[in-house]
Protein chains: 4
Amino acid sequence: MAGAAPVGCPSGVAHLDELEVPRYSVCMRQIEMKSAKFLLLLLSINLVWNIVTAAAPPTCPADIESDCSTGSGEWEGEFFPGIPQIKYEDWMRFSVAFWHTFRGTGGDPFGAPTKFWPWEDGTNSLAMAKRRMRANFEFIEKLGVDRWCFHDRDIAPDGKTIEESNANFDEVVALAKELQETFSPHRFFCEPSGDKDSSFVGYISVVPPPRYMHGGATSPELGVYAYAAAQVKKAMEVTHYLGGENYVFWGGREGYQSLLNTDMERSSITWFLEAAAAYKKKIGFNGTLLIEPKPQEPTKHQYDWDAATAANFLRKYGLIDEYKLNIECNHATLSGHSCHHELETARINGLLGNIDANTGDPQTGWDTDQFMMDVGEATLVMLTGGLAPGGFNFDAKLRRESTDVEDLFIAHIAGMDTLARGLRNAAKLIEDGSLDELVRKRYQSFDSELGAQIEAGKADFELLEKKAIEWGEPKVASAKQELAEMIFQSAL
Amino acid sequence: MAGAAPVGCPSGVAHLDELEVPRYSVCMRQIEMKSAKFLLLLLSINLVWNIVTAAAPPTCPADIESDCSTGSGEWEGEFFPGIPQIKYEDWMRFSVAFWHTFRGTGGDPFGAPTKFWPWEDGTNSLAMAKRRMRANFEFIEKLGVDRWCFHDRDIAPDGKTIEESNANFDEVVALAKELQETFSPHRFFCEPSGDKDSSFVGYISVVPPPRYMHGGATSPELGVYAYAAAQVKKAMEVTHYLGGENYVFWGGREGYQSLLNTDMERSSITWFLEAAAAYKKKIGFNGTLLIEPKPQEPTKHQYDWDAATAANFLRKYGLIDEYKLNIECNHATLSGHSCHHELETARINGLLGNIDANTGDPQTGWDTDQFMMDVGEATLVMLTGGLAPGGFNFDAKLRRESTDVEDLFIAHIAGMDTLARGLRNAAKLIEDGSLDELVRKRYQSFDSELGAQIEAGKADFELLEKKAIEWGEPKVASAKQELAEMIFQSAL
Amino acid sequence: MAGAAPVGCPSGVAHLDELEVPRYSVCMRQIEMKSAKFLLLLLSINLVWNIVTAAAPPTCPADIESDCSTGSGEWEGEFFPGIPQIKYEDWMRFSVAFWHTFRGTGGDPFGAPTKFWPWEDGTNSLAMAKRRMRANFEFIEKLGVDRWCFHDRDIAPDGKTIEESNANFDEVVALAKELQETFSPHRFFCEPSGDKDSSFVGYISVVPPPRYMHGGATSPELGVYAYAAAQVKKAMEVTHYLGGENYVFWGGREGYQSLLNTDMERSSITWFLEAAAAYKKKIGFNGTLLIEPKPQEPTKHQYDWDAATAANFLRKYGLIDEYKLNIECNHATLSGHSCHHELETARINGLLGNIDANTGDPQTGWDTDQFMMDVGEATLVMLTGGLAPGGFNFDAKLRRESTDVEDLFIAHIAGMDTLARGLRNAAKLIEDGSLDELVRKRYQSFDSELGAQIEAGKADFELLEKKAIEWGEPKVASAKQELAEMIFQSAL
Amino acid sequence: MAGAAPVGCPSGVAHLDELEVPRYSVCMRQIEMKSAKFLLLLLSINLVWNIVTAAAPPTCPADIESDCSTGSGEWEGEFFPGIPQIKYEDWMRFSVAFWHTFRGTGGDPFGAPTKFWPWEDGTNSLAMAKRRMRANFEFIEKLGVDRWCFHDRDIAPDGKTIEESNANFDEVVALAKELQETFSPHRFFCEPSGDKDSSFVGYISVVPPPRYMHGGATSPELGVYAYAAAQVKKAMEVTHYLGGENYVFWGGREGYQSLLNTDMERSSITWFLEAAAAYKKKIGFNGTLLIEPKPQEPTKHQYDWDAATAANFLRKYGLIDEYKLNIECNHATLSGHSCHHELETARINGLLGNIDANTGDPQTGWDTDQFMMDVGEATLVMLTGGLAPGGFNFDAKLRRESTDVEDLFIAHIAGMDTLARGLRNAAKLIEDGSLDELVRKRYQSFDSELGAQIEAGKADFELLEKKAIEWGEPKVASAKQELAEMIFQSAL
């Protein structure tokens, strides 16, 4: 790249850091590929990609009709033939979500699965789980992302007992450990809650029992509570073993369908969270524990509705220093807030731990988990500072109707581009300073002696009344919202 | 009526108390009236009213074309001629909201005022303010309600300075004090925030300056903050003087329209709340300070979005013991929750202080402040216990198109009836016990030794895993939601 | 029961008809049952049921561990042992939805199936399909309902080709035909579109291909369009053969996910509807063809969003006399309307053909398909007249967490009760006449010569201006909304 | 500027026309101004403006404390001193909405007016009306827009009778006529319904009677219907006289608050629309009559909910050729649709007449009427073709808290820029062709003989079944939604 920054690359990561932008930055990636059709599409849309033409070596395509297995019976073919590695010069701690990308089936409440990836054999065997894990590593390698994450123990098949499930889990984890060390620097990133319903059953003939249908940590059934604890315990150990940086509690069923049959006071999520924090310390796991607020769906209400709600119960039960929040943009809008609002709320409460970079449809009332494609929204996300040491997890899934293997790449690349453009825009806005200045000026009357007294909690009503009478009718300036919006849009 | 309880009256208030229903109860009221048309309407709908035919004495109708003023220039006519007192045998601490009932004009974003009450003369004079206060007391007297409340200083005209405004205020307050002692046992109930925009300008020719357009306690203008403090200080003194039981902070503008021009961290509502709590102690006011959560409208976001959000900032700033919450049903649904949910959330957080008994339209996205007319909703409201010492404030307004004086009575009576029916239904459900039993059974596995350990925070993951392995796959019972709903509906 | 009407039964069906209530009516049913637990629950909630204690004869319970099959290999046990027939004296043309009740699995976007009915053997065989059909007939027999309906060909397993699927279909249809003649007067009621995604795959190991993922009648793939036509053709023939009264087009996928990849103009649903109407005539099917408006979910937008939208395309393409509408309450609220509004809109457009009696959750943005349990809502539904010859289809499903066989009965019984109470309330309101009178009076100024001219389209602007000038400022009466609401609530 | 196109100007308007982009185009405007503060703000945000420094001649500032009136008593000062004309090289038929810009007061349901423009004297006199009209013309002149529009007769004060109101109206219209001829080529653009509530009463002491509170054309009061007819008649005459191009029916109150007191069948809007169409022909007015769909607010439901609903009643009553639609983006989203969807629906129904270029807040449920600032949304708007001969009306208002005169300019300029950028992006997408190609390919199987038969209504079910059996399981391609979104975003 000698000297020439790729088009669209903010010059100087260090510079960005000085500006106190969030601690990540990105340049547009270089891409090389053989697939002529795909290449032309990408070229035709004039994205800022520098194509390097070095061809990848021939490999065995990982279609189940091919035979790429080695003597050991393990599959070692190439899952994404024709797609080379897409290089980044720098990164935003992106993470690929195993559950959407490799366990999502396209099923929805009205329809059956639509994804039949060529490497899947229709079984839920251990061998299939390992092959899928290899596909995962090839995928993130080629995408140039170096983090990944999974749900519960969805990387391995369930067994009939906890012990059997754990054994299966261990076997796949061992492979993941090996692969993530081989494909350095791919690091394990986040690992959700363990109290999640087995929702990604795909086209699998064995159906798990609905043990978490009333929740896990908030189930009214004692046995389920214990089971969930055992599951999280194991998952946390595995996270620790794999060098995980985060452990996320996604409480999709931790809520109620109807208050009529619920004792909300007794459905406390906090005993479980206390025990989890204690166990983390016991095993010496140093990653961050995260709550992922989610307002509703699949239940009518979930106990961690939004950032403020989660902050409240963390404070109430003395857990405010043990957990941070994983803000998901689609969850934000479902709770009636903008994603920007939830990020700011988390930040102000000292709880911004990680971001699930997805988006919803503004006209639909459920979790669509789309890839974030709106540059304006991405810019707002990037304007929120204070994210450390978290990153951006692609908790996003292909539309049910997007069924080509290349769609997996297109979606992730477009999502990465959108966030990268968001970051550049945020950097531009911060460098320009107009927006910050507009805000600073609005509040400048508080940069005074009385303002300082107020903010120190030392201005009582009598003093304030005295001042108010002395000053008479206060002058109130224009809020300049349209100007702020104009400045913002001009940076896009 | 000798001896016979009116139809619809739960027998035995004491009995209700024993059942630990909320500490209020109600019987259907007896009504006597002259207005033949009104009477027939009421009769024709077969409500459970006992009409007593004693005619009211002739009075001077308080139409501005009449001259009912005494020598002192004060108006002393009858504002609601033809409508006698509507008697209750007992009460639910109902309160009439002066702002909706006497200052609401029917104006909306697309239309001008529609209410031209006969006693209004089109001015905003002190004399008019006093006449209006007399109307208020006649209204609550006839309605059989013995609490009332007002917003800010909306019972008196603004002056040009704080001192002048306070003097006007004092003059009307003196009349209110006199009237509420005369019309024993009318007691003053709640008094909102003082940081409220002057929204009920009606057909008044003097327009107040938009001093609170960016908020009061969260305004970025220091002078506005001081002005709001002075206003709340005075309002709190008046509340204390009048024997008020509550002082509510309604933060309709305490929020933002756009995060682009807002420093949410600096817009902290808490310095103000701290100063208010301190001033309360200083003057010896013993009423309850209340926050009224409100999600949006008129701003995009308000800082006290819902009960959990308010609980969070109260905890964060050490104010959790200084404030309680005033839950409004219409605000609940706008924040994405049912009213029942917000009440339960407040109760579980120890914050249920008072209820604004209104409702919204399930298909509209703004605050319609309708009178609660749904018996099912009222029953759910009444099922929530723990409300003490608060009551039910009719923070509800006539539809813009309801323009008859008698509509004021119809709406309040229907609202009272609905809540009374809700209470009877709740009592029936509690007496019957089926619903409680259904819930108790769902959670009974926690009524065990291990359950007790868990709820005491003493069951760690290792113990739980051991149990889970020992027990195997947990049994999960049906949630019986349809049965719970059937039981609930059968009580209506 | 000699002579005495059951409690809660409106006296005189004929009388109701005279009042021009919708042409159905209902009395509370008599119930007899052995299940002590169930019985006590029902008794304890004081519903108006008369229990007849006659015990049912011993039968073979249709649990797959029992062996109730006859020599022919067909299963002939009792699926709901301990539950006797629940008698109605009259009926509302209720219909049980096979898809929810017998093919619903409890799966949702985040979770696996939860329903494992004892008669299911985990296969998707023809034998299983027949056993399920027997369960269906026992269910509706015991429930006292005499209509049922199914989706597409979901009563039979798919084959590998259209011919094979049709053969399977025919075999199960033959059994249904036999059963519905045996269990007289069970009549076949409605049969949906055939262009539906196979959404009720349950815990079946064979996954159907996602042929309808882009829609059926509006698929951009010609082959899918043809396939959908073949499927609807067959389904319509079967409907005709079974004596079906309705044939409903449920277009759950007939919409788009994004306008960016859609040619909405070319995605016309109307060619298909024209061909369907023509085929109906060709085979001499006399039932009603119905469109079921549905706003969104699973797609972002469906082409038959609401009643007015469907009316528009029916008019545009000259199909207004060929189709009627099947209004679903939950779809109504998702499209931003009340169910009452959609029913009235359909009625005024001459299109009210049938009702899917379910309800949604007012705080959730997706199709929850709950049993209608709100008596107020049911009363509004019943106030809409003009429904002929349609009826009420229980397009409602048990909550995912309701997993007992008896829950199927509880939910249907509660739904029937709710609608029955709604009907009684509607009858009461109509008999009382106050509400009709209130409305009539509001519009009475149009009952004049000029009003008649206007409504005949003969009053031009010049005449109207002349009158307006002559009359001066018009008087505008109160809308009396609170009174209307009070009257309505008083009837519940 | 000799030869050099301003930055951001698409080269070649003719070229755009060839591409069949909507028939308008725009270049970024050149701006010259004296206001140093304003200038710096604009410069600092790096917008693509070429500043020409020619100073405007000294003028009399139109502050009411100045005396700029001529001998005739008419005010002839400069209302926007320091702001020069902002030049466009081309235009998009932009129109300024008099009601928001000159009659909007900033009042909202919770607050009093906030706008006190310097030229307003607090009266509602004819002199004030004329001065305001001069301000309007100076504003559009300086903005470089050459269309404007008003509501009802809101450019003139109401009188006590229709005749008096008409006389006032005529006097202001005469001035407008004169001014629009002087300020050539300022042309009159649209003129709304006349059946609108007087919602912009601002700080005016005379309150109009609430004659339209139950609607105008759908009022249950005959006198109101006649009055509305007289008002629309006059407004239509004035529109014709001023050379208006559009006459819009905005039916903000043409709906209901509750179905309980409404006879929706009798509340037909169509008699009125028929009479209006007849009167249009009678007076020889050649402009377009337009319906502006609006879902709710201020009423619960309006009869012209969305484009499809309006199309339905226009078809039902034979008015489909007499009216077109004025699509407002904020109304679109309130009805549950994207703006793009409503535009496409109108286009496909042959009804796209004009666009109200505003936007709403995605998290609020009421009509915020914000200036469209989202380039993505603007691009989608511009992708819809078929808009002729309409244009873009800024039916948008300053935020209540934006109170500087310059905010009026900032908001309009930012709105114009956004739409201009949208147009350039749309042109880029059309030129590039990738998106069109993607869509074309999705539907190409219909570009066959059978496809043609289907689209001609000639393929019956038997033929289709034969084909389906012949072809076997259809192949279903990926929908490529993420790729479509990626292409779209890459053009922004």
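Within every chain, numbering begins at 1; the chains are lettered A, B, ... in the order of the sequence lines, protein sequences first and strands thereafter. Only a predicted model underlies this, so the values are computations on that prediction, with no experimental measurement involved.
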- Task: Please determine if D/E431 and D/K428 form a salt bridge, counting it only when a charged side-chain N lies under 4.0 Å from a carboxylate O.
- Result: no
- Message: Against D/C329, only a single residue in D/L380, D/V381, D/D395, D/L334 fulfils side-chain contact (heavy atoms from CB on, under 4.5 Å); can you say which?
- Response: D/V381
- Do D/T359 and D/E377 get their side chains close enough for a donor-acceptor pair, meaning under 3.5 Å? yes
- Query: Can you name the salt bridge (Lys or Arg N to Asp or Glu O under 4.0 Å) partners of A/D356, sequence neighbours left out?
  - Reply: none
- Query: Where along residues 336-343 of chain A does a heavy atom come under 4.5 Å of chain D, listed by residue number?
  - Reply: A/G336, A/H337, A/S338
- Item | D/K480 side chain vs D/V439 backbone, donor-acceptor pair below 3.5 Å | no
- side-chain contact (heavy atoms from CB on, under 4.5 Å) between A/E328 and A/N358, intermediate numbers included: CA-CA 7 Å; A/E328 174 174 324; A/N358 66 10; 2.7 Å; yes
- Note on the structure: Cut-off 4.5 Å, heavy atoms of chain D, and the answer for A/L398 is both
- Query: Atom CZ of D/F488 and atom CG of D/L483: how far apart are they, to the nearest 0.5 Å?
  - Reply: 14.0 Å
- Query: Do any N or O atoms from the side chain of A/N425 and from the backbone of A/R421 form a donor-acceptor pair under 3.5 angstrom?
  - Reply: yes
- Item | Which residues share a side chain to side chain donor-acceptor pair (under 3.5 Å) with D/K397, sequence neighbours left out | none
- Query: Can you say whether the rings of A/F102 and A/F139 are parallel (under 30°), tilted (30 to 60°) or perpendicular (over 60°)?
  - Reply: perpendicular
- Interface residues of residues 368-376 of chain A facing chain D - heavy atom cut-off under 4.5 Å: A/Q370, A/M373, A/D374, A/V375
